[in-house]
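Structure record follows, encoded as C-alpha cells.
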Amino acid sequence: MTPWRCDSTVSPPVRHAVTPLLAAVLLSACVASKPAADVPRASATGPAVVSSSEVPPEPPASEDAPTSEPAHQDTPGEPVHPAGSASAATSQGPSASAGDGEARGDGGGAPASATEGPPGSTAPGHDHDGHGPAAPPLEEDPLAQGLPTPGDLKRLDFRGGEPRVPVRLMEGRAEVTFAPRGRMRLRFGGPDEKMLDAAAGTRWTVRVTQGTPAELSARVQLAEFRIADRDGLQAALASWREKGLAVRAQVLGSVYGIAGKVIDNRRTLLLVDEVLTPEAAGRKQAELLRSHGARTTLFEEVKTPAKAILEVRDEAGVVVGLAQDRLDAETPDGAGFDVRQVEFGVGYDFHGFEDRTFRGALQFVVDRSGRLAVVNVVPLEDLLKGLVPAEIFARAHPEALKAQAVTARGEVLAKVGIKHLADPYLLCSEQHCAVYRGRTGEAASTTAAVEATRGEGLFSEDGRLVDSVYSAVCGGHTEDNDVVWGGPPDPSLRGRPDVIGPVGAMPLPASLERWLTAPNLLAACRLSSFARPSKFRWERRFTAEQVDARLKKLGVGRVQALALTDRGVSGRAAVLSVSGDKGATQVRGELNIRRLFGMLNSSMAVVEAERDAEGRLTGWLFRGGGWGHGVGMCQTGAIGRAEAGQRYQDILRHYYNGAEVAPIY
C-alpha cells in the first residue's frame, strides 16, 4: 500500500475519549509531520436560514420533466440579512416517485421535487435592502478555508463567485469505501487539526461506531404560503383558530444579494403550535386528517444532535485515525473521488447500488440516525454537470439544454435553506431534491450547455430571480402558478398557448373536450422530435371498485359521481368533487387530485362514468393531456422550440413571460 502520512504531534486525531491501547496504536502508526500550510479554518459565510415566528412586515411580490436517456461577471455577492433567527429545522414535504416528476410541488402544499424525468423547482423573488460585511477572498485550497460545519451547511458561500453546495450522496450506512483520484488530504478535525495525506488510487474505508441518533421534536405543518401571500396566511390562521387549534406562522428560507440582484426563497409555514415527538406528531396528523380532512406534513427540529465516532481504515483494515462526527476529504488538484456502492432510489422500485465518481470534496458525517452519511461538497457549476443530464434528454438540441441549465441553476439556489434543515447537508441526490450522479452521470452535451451559460439565472424586470419551475409536457398550453399551488399570481408564471406559429382558429382549453380531441395542434411539445404521444394525449381507466378503494379514506362510501372543476387557463383542475352513498366532499390541489389516482399524468383531464347495459356503474374514464403541472417551461416544448430555431434566451422569455437571462456570478 502507498504510505500515508498523519499529523500526530499531540494526541490521536479525535475529539472523543479513546482507549489507551487504541491511542497507542494510532500514535505509533502516525509519522509526525507538519502540514505544508497551516491555514486557520474559517466558517463559510453567506445568508443565514430564516426560521422565525415573525411574519415579515412587508411581503415581496412574489416541480416534472422528461427523464434523460438512461433514467432523469459580476462581482461576488454579499449576504443580505434576513429577519429571524437561525434554525436547524426542516419541512419534510411529500416526495413524489420517479415518473411523477413535479418540480416544485409535484407537491401541492409543500414543495417536493421529483422527476418525471427531470425535477424542477421554485424560487420566489423579493427585493431587500441592506448588505452584510464584505467577505474575505476565497483560498485556493477549498479545505484551507474550512468545509462547513453542520451548522454552516445551511448557507452558501459566494465569496469566490461560484458557491459550493453540500449534496448528500447516501446516508444510513455502517461503512463506506472510497478512493481519491489524485493526491488526497483527509482532515480529522479536533483542536490539533489532524491530517492524513495519501496517494491517488489508495482505498479507504470509513466506519461509524458508538453512534447515537439525534433527538428531534416536531410540529405538524398545515400549509405553506408564498411570502407575499399575507391575506391567504391570515385567513388560514383565523380559520384554524376558529376550529379551536392553536397555530403559528413560521418563516423559512433565505435572502441573497448578489451583484445587484436578489434571490429570495423565503416562504411562510402554517404550523400547529404544539411541540411533539415525531411519533406523536404522526398521530396528530392522522387525527387532523380524520377530523378536518387536512393533509399535512412535519416540520422537524433537532433538540440534540446525533453523535458517533468515525473510524478510518486502510486497505489492510487497520484503523489509522478516529474523528468525532465528521471527516473532510479533498484532492487539492481537483481530481475528485471514486465512491463504492453508492445507494440510490431508496424507497423506489429502481433501488440499487452503483460505484460512482464525483468532483469536489467529500464529507463523511453522522446523519440523524447516528449512522454514516456521505456528502459531496461541490461547486455549483460542477453540480449542474452531473444534474442536468438527469433532467432532460442529453441528446436534445443544444439551445434546449442551455435553457434547462439556466432553470436548473435557479432551482438549486431556490432550495437552499428550504429542504433537509435537520440534516447535515443542503440537498440530496434523489428525486426529493434533484437526481445527481456526479461525474458518472455527466454527458458532453449537457456539460457544454452548463459551461455556455455559466453563472446565468433568469430574472424578472424588477431584478428578482424568477421562480423557474418546469414540467415535462404541457400538453399545448402552460398554466398559471396560482391555479396549481395557490397564493398570489406570479407575473412570470402566466399560462399561455405553447404553439409554434400563429394560434389562428385552433381551439383553446376553455372548451376542453374540443381541445383534447383537436387534430394536428401545432403545440411545441407535440412537434418536438422527443415528443411522446402517450404523454401529449392519454386515457386512464379505473374500475368502480378501484376508485372506491382509492377514495375510501375520504369517507363518502361507494363513489357515485366525480367532477373536475376550478380549472385554470390550460384546463387543469384544482378541485375534485366526490359524491358517494355516504356523503360528499372535495379534494383540492392539482397534485392531490393526481395522487388519488396513482399519479395521473396531469389534471388537464375530463372524467366520465362508464356503465353497463343495465346502467350500473362499472368504472371511470379519465381523458387528458400533458404530463405534469404545466407551470413554467415545458421541457419537451423547449426542445421543439429549439428545433424550430429559437435560442435559449427566447425560449425562456416565452415560458417565463418576458423574463431575461442575466449573470448571477
Side-chain angles (χ1 to χ4, degrees), residues 1-39 41 141-144 146-147 149 169-170 173-211 307-333 335-342 355 358 361-367 370-377:
M1 189 193 86
T2 304
W4 54 271
R5 180 166 57 86
C6 177
D7 180 351
S8 57
T9 54
V10 180
S11 62
V14 298
R15 286 177 291 164
H16 190 277
V18 296
T19 65
L21 176 60
L22 180 57
V25 169
L26 294 171
L27 288 173
S28 63
C30 290
V31 177
S33 62
K34 198 71 174 171
D38 189 11
V39 184
R41 295 167 61 87
D141 178 354
L143 284 174
L147 284 175
T149 66
L169 305 181
M170 54 181 166
R173 312 303 300 161
E175 65 178 38
V176 171
T177 299
F178 70 102
R181 297 174 68 87
R183 184 178 63 84
M184 178 185 73
R185 176 167 296 167
L186 187 65
R187 293 177 181 263
F188 292 83
D192 301 315
E193 193 59 50
K194 301 297 181 178
M195 297 183 194
L196 178 153
D197 283 353
T202 50
R203 193 175 72 229
W204 305 89
T205 297
V206 178
R207 179 177 297 174
V208 66
T209 65
Q210 303 179 39
K307 289 189 174 296
I309 298 299
L310 304 182
E311 295 179 350
V312 179
R313 295 174 178 259
D314 63 17
E315 295 180 8
V318 176
V319 176
V320 298
L322 301 177
Q324 175 74 52
D325 302 336
R326 98 165 197 218
L327 287 158
D328 296 329
E330 63 104 12
T331 52
D333 62 358
F337 294 87
D338 296 325
V339 182
R340 295 285 305 278
Q341 294 296 285
V342 176
D355 293 350
F358 298 93
L362 293 180
Q363 184 178 77
F364 303 91
V365 64
V366 182
D367 64 23
R371 291 171 71 83
L372 183 62
V374 184
V375 178
N376 185 198
V377 185

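Just so you know, residue 1 is the first one in the sequence shown, and it goes up from there. When reading the values below, keep in mind they use all heavy atoms of this one structure, side chains included, and skip hydrogens, waters and symmetry mates. Note that this is a predicted model, so its numbers are computed, not measured.
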Quiz item: Which pair of non-hydrogen atoms, one from A361 and one from A329, has the smallest distance, and what is that distance?
Solution: CB-O, 3.2 Å
Quiz item: If you take all heavy atoms of G211 and A308, which pair is closest and at what distance?
Solution: CA-CB, 3.6 Å
Could you measure the distance from the [atom1] atom of [X] to the [atom2] atom of [Y]? Nearest 0.5 Å is fine.
| X | Y | atom1 | atom2 | answer |
| --- | --- | --- | --- | --- |
| L186 | K194 | CG | NZ | 13.5 Å |
| R187 | R326 | CZ | CZ | 10.0 Å |
| T177 | Q341 | OG1 | CD | 9.5 Å |
| I309 | D325 | CD1 | CG | 7.0 Å |
| Q324 | F188 | CD | CZ | 13.5 Å |
| T202 | F178 | OG1 | CZ | 8.0 Å |

Exercise. Give the intermediate values and the outcome of side chain to side chain contact (heavy atoms under 4.5 Å, CB included) for residues R183 and D197.
Key: CA-CA 7 Å; R183 184 178 63 84; D197 283 353; 4.0 Å; yes
Quiz item: So N376 and F337, side chain to side chain contact (heavy atoms under 4.5 Å, CB included) or not? Walk me through it.
Solution: CA-CA 10 Å; N376 185 198; F337 294 87; over 6 Å; no
Quiz item: Taking only residues two or more places apart in sequence, or in another chain, which ones meet V374 in a side chain to side chain contact (heavy atoms under 4.5 Å, CB included)?
Solution: L169, M170, V176, L362, F364
Quiz item: Taking only residues two or more places apart in sequence or in another chain, which ones pass side chain to side chain contact (heavy atoms under 4.5 Å, CB included) with R371?
Solution: A174, D367, S369
Self-check item: side chain to side chain contact (heavy atoms under 4.5 Å, CB included) evaluation trace for L196 with M184
Solution: CA-CA 8 Å; L196 178 153; M184 178 185 73; 4.2 Å; yes
Self-check item: T209: partners by side chain to side chain donor-acceptor pair (under 3.5 Å), with sequence neighbours left out
Solution: none
Quiz item: Between E315 (side chain) and R203 (backbone), is there a donor-acceptor pair under 3.5 Å?
Solution: yes
Quiz item: Is it true that D338 and R340 make a salt bridge, defined as a side-chain N closer than 4.0 Å to a carboxylate O?
Solution: no
Quiz prompt | Residue list, salt bridge (Lys or Arg N to Asp or Glu O under 4.0 Å) with D333, at least two apart or on another chain | solution = none
